[in-house]
There are 2 protein chains.
Amino acid sequence: MVDIYFLTPYICNMLINELSKKTGISTHTIRFYEKSGLIEGKQDESVKSNNYFHYDDVTIEKLEFISDAKSVGFTIKEIGQIIDAWYNRKYTKKQKLEILDEKLISLEQKMREIKEMKKQILQFKDDVLNDRC
Amino acid sequence: MVDIYFLTPYICNMLINELSKKTGISTHTIRFYEKSGLIEGKQDESVKSNNYFHYDDVTIEKLEFISDAKSVGFTIKEIGQIIDAWYNRKYTKKQKLEILDEKLISLEQKMREIKEMKKQILQFKDDVLNDRC
DNA sequence: ATCAACCATAGACTATACTCTAATGTTGTG
DNA sequence: CACAACATTAGAGTATAGTCTATGGTTGAT
């Protein structure tokens, strides 16, 4: 009997419920992300009795990346571009690097915006403390 | 004749079209923000022939703040809380400082998420450059 | 006085990102 | 072998944040 784990690229194989528990993202939302093309489960061809999707550890990483990205204002579409530039074969090497560089620039911009906001909120605090508002 | 500008807190008085041009935000969106309670124009009581709203320079600052905040993932509701904590009288001093501190913590969190994303995208670039994807 | 360029309100419409329900099938433990 | 706890798809419903249209009034330059 051959150990299947030597034959698959999957370190770990889980169904959607386990993936949901490990990431804190609901199964509904995970399915929504899958329909949106951000992640991808695999059906086991050798099992004919069901059509369950299996997910690996990379999917957990992707979902954590998606959570971070959404939290700082990236859209599903933008997140999809990043993931595709990393994982997908539909782009050339050059295109991938262009997309990733573009997103790095967005990140720098967001970082500046956060610093500006922080400065302003500290000023607001100062205004409140000194009864200027 | 008394100069009205000595009697008002307004440095500059403009109508919605000028405000739109100065901020790059459409008049529709500005009105939407006004309905949402983020900004507030003032009608000139002495003018009976129209009901035009007038905006001051602080409104420009607020709109720029809103743009930054939206860009890094804050919702209208959260932005409203910040602006109210700064400008509004409906909170006590203590409540205002609590809200502002809470938002500073959100900003720190977002900054961490951005740094994490940056690290990952740099890794993605490395993967692409070394044909690991 | 005319007319383009503005102003206002109300409400319909759209896109995004979920979130939930219904209907139905599968698995595994007592 | 029952049945709780899982799985699937399709599609409806919701919240958020605009975006647009219609209708009607005002302003200011010619």
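Protein chains get the first letters and strands the later ones, always in sequence-line order, with residue 1 at the start of each.
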Select one nucleotide: of [options], the one nearest the side-chain heavy atoms of [X].
X	options	result
A:Val47	C:dT27, D:dG18, C:dC6	C:dT27
A:Asn50	C:dA17, C:dT27, D:dG18	C:dT27
A:Phe32	D:dA7, C:dT19, D:dC6	C:dT19

Ranking A:His28 and B:Ile16 by the position along DNA chain C of their nearest nucleotide, the one closer to 5' is B:Ile16
What is the distance, to the nearest angstrom, from the [atom1] atom on [X] to the [atom2] atom on [N]?
X	N	atom1	atom2	result
A:Asn17	C:dG28	CG	C1'	14 Å
A:Ile30	C:dT19	CD1	P	12 Å
A:Glu18	D:dC6	CD	P	11 Å
A:Gln43	D:dA7	CD	C1'	11 Å
A:Lys77	C:dA15	NZ	C1'	11 Å
A:Leu19	D:dA7	CG	P	10 Å
A:Ile66	C:dA17	CD1	P	12 Å

Do NZ/NE/NH1/NH2 and the carboxylate oxygens of A:Lys96 and A:Asp84 come within less than 4.0 Å? no
Discussion item. So that I can tick it off, tell me whether B:Glu116 and B:Arg112 are bridged by a salt bridge, with the cut-off set at under 4.0 angstrom between side-chain N and carboxylate O.
Written reply: no
Counting only side-chain N and O atoms of [X], is one of them less than 4.0 Å from OP1 or OP2 of [N]?
X	N	value
A:Tyr33	C:dA17	no
B:Lys70	D:dG18	yes
A:Ser49	C:dT27	yes

Could you check, using the six-membered ring where one of them is a Trp, whether A:Phe65 and B:Phe124 have ring centers closer than 6.0 angstrom? yes
Distance-only donor-acceptor check, side chains A:Asp56 and A:Thr59, under 3.5 Å:
yes
Q) Do A:Ser71 and A:Asp68 have a side chain donor and acceptor closer than 3.5 Å? A) no
Under 4.0 Å, heavy atoms only, any strand: does A:Thr75 hit a base, just the sugar-phosphate, or nothing? sugar-phosphate
On DNA chain D, more 5' by nearest nucleotide between B:Phe74 and B:Tyr52 is B:Phe74
